[in-house]
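Working notes, beginning with the structure itself.
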Amino acid sequence: MLHELLSEIASQNARLVVVSKTQPVARILEIYQKAGQRIFGENRPQEMLEKQAALPADIEWHLIGHLQTNKVKSIAPFVALIHSVDSLRLLQEIDKQALKNNRVINCLLQFHIAQEETKFGLSEQEAIEILQSPEFAVLQHVRICGVMGMASFTEDTEQVRKEFRALKTVFDHLKAKFFPKSTHFHEISMGMSGDWRIALEEGSTMLRIGSLIFGER
Ligand SMILES: *Cc1c(COP(=O)(O)O)cnc(C)c1O
């Protein structure tokens, strides 16, 4: 299963984030060894911290869940990509902690594309306000690499497709307006176990997949 998934994703020039939340270290290590997988995603900073300490150092740890400003400090030394940036305040804190660790932290802006009220994320207008603010302009230790979004949890594949398409449009707008020459701004993190094929068709560069690989949590 994982090998097929990996080759299909690679053939589309996308990458796979294996979502390992709630999974024990032994299962992560198995996938690391057997499939050569190096990118893993966690949604809780504390859990990511514990797993990072217990697993090989060349794993790229991606934080995919909502991040509170007071948790940034703990993951700042090693996190490879934060998918879930949804405020200027959070970006400022990531910048501060990155500076303390003498590094630049890669980030994605998370957008609210689903119909559900509960999912986090920015609107395009909110993102524009952040990106053109003087407060953002002075940040030197965060690098905005693209966008992330979660589609509605529904059987209606046309609805899901519409939402992914909307995220791709946001990406295109921001790229044209703020990052026309940037080689860093290139990621569209979208697609999970139930909708990854649609996400790939709509231009995803990064799939975040858990239960399809590990079984239901
Ligand atoms: C859990 C989670 C995933 C993976 O979900 P699956 O349905 O298990 O593939 C992807 N993205 C985020 C933000 C998640 O929290």
Side-chain angles (χ1 to χ4, degrees), residues 1-6 8-9 12 14-25 27-28 30-32 35 37-52 59-68 71-72 75 79-87 90 94 105-122 127 145-157 159-161 163-164 166-168 170-171 187-217:
M1 174 68 232
L2 181 57
H3 287 280
E4 284 164 44
L5 193 60
L6 281 168
E8 187 155 348
I9 290 171
Q12 304 285 318
R15 291 187 292 161
L16 172 64
V17 178
V18 170
V19 176
S20 51
K21 63 190 184 199
T22 76
Q23 301 298 333
V25 159
R27 294 214 60 197
I28 301 173
E30 192 181 310
I31 288 177
Y32 171 96
Q37 177 68 19
R38 292 295 178 270
I39 308 177
F40 291 90
E42 290 284 334
N43 64 346
R44 293 175 178 203
Q46 183 58 32
E47 190 175 337
M48 188 164 90
L49 192 60
E50 287 164 16
K51 288 175 177 174
Q52 190 266 344
I59 290 181
E60 254 189 51
W61 290 101
H62 290 202
L63 199 280
I64 61 172
H66 184 65
L67 179 57
Q68 290 173 308
K71 300 285 166 61
V72 175
I75 60 168
V79 67
L81 181 64
I82 300 174
H83 290 231
S84 45
V85 173
D86 61 358
S87 71
L90 180 57
I94 296 168
I105 295 181
N106 293 325
C107 297
L108 305 180
L109 297 175
Q110 180 172 357
F111 289 85
H112 184 274
I113 56 172
Q115 291 172 311
E116 291 106 351
E117 278 294 319
T118 53
K119 288 182 181 157
F120 294 102
L122 300 161
C145 298
V147 303
M148 180 272 221
M150 288 169 87
S152 297
F153 191 69
T154 170
E155 299 287 307
D156 181 352
T157 56
Q159 176 64 29
V160 169
R161 188 178 297 282
E163 292 168 3
F164 286 150
L167 184 60
K168 171 71 164 70
V170 169
F171 171 86
E187 299 288 6
I188 305 175
S189 168
M190 61 184 187
M192 309 178 15
S193 290
D195 54 22
W196 67 275
R197 282 181 194 281
I198 305 172
L200 265 188
E201 285 165 8
E202 297 304 328
S204 173
T205 66
M206 231 176 223
L207 290 303
R208 309 179 310 271
I209 299 181
S211 48
L212 191 63
I213 296 164
F214 291 107
E216 291 298 326
R217 281 180 296 274

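Order of listing sets the numbers, starting from 1, for every ligand and every atom in it.
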Taking only heavy atoms of I209 into account, list the atoms of ligand 1 that are under 4.0 Å away from them.
9 (O)
Counting from 1 in the order shown, the ligand 1 atoms closer than 4.0 Å to a non-hydrogen atom of G210 are 4 (C), 6 (P), 8 (O), 9 (O)
Of all the heavy-atom pairs spanning [X] and [Y], show the shortest one and how long it is.
X    : Y   : value
L67  : P45 : CD1-CG, 3.7 Å
Q37  : L6  : OE1-CD2, 3.4 Å
R208 : V19 : C-CG2, 3.7 Å

Would L212 count as a contact of ligand 1 if the rule is a heavy atom under 4.0 Å away?
no
Which bit of H83 is near ligand 1, meaning a heavy atom under 4.0 Å away: side chain, backbone, both or neither?
neither
If you compare R217, K21, R208, M192 by their heavy atoms, the one closest to atom 1 (C) of ligand 1 turns out to be K21
In terms of relative ring orientation, are F120 and H66 parallel, tilted or perpendicular, with 30° and 60° separating the classes?
parallel
Specify the protein heavy atom at minimum distance from atom 13 (C) of ligand 1: its residue, its atom name, and the distance to 0.1 Å.
I64 O, 3.5 Å
Please write down residue, atom name and distance for the protein heavy atom closest to atom 9 (O) of ligand 1.
S193 OG, 2.5 Å
Chi angles and distances behind the side-chain hydrogen bond (donor to acceptor under 3.5 Å, both in side chains) call for T205, E187:
CA-CA 6 Å; T205 66; E187 299 288 6; 2.6 Å; yes
When you compare ligand 1 with G194, is there at least one nitrogen or oxygen pair between them that comes in under 3.5 angstrom?
no
The criterion is side chain to side chain donor-acceptor pair (under 3.5 Å); which residues satisfy it with R197, sequence neighbours excluded?
E8
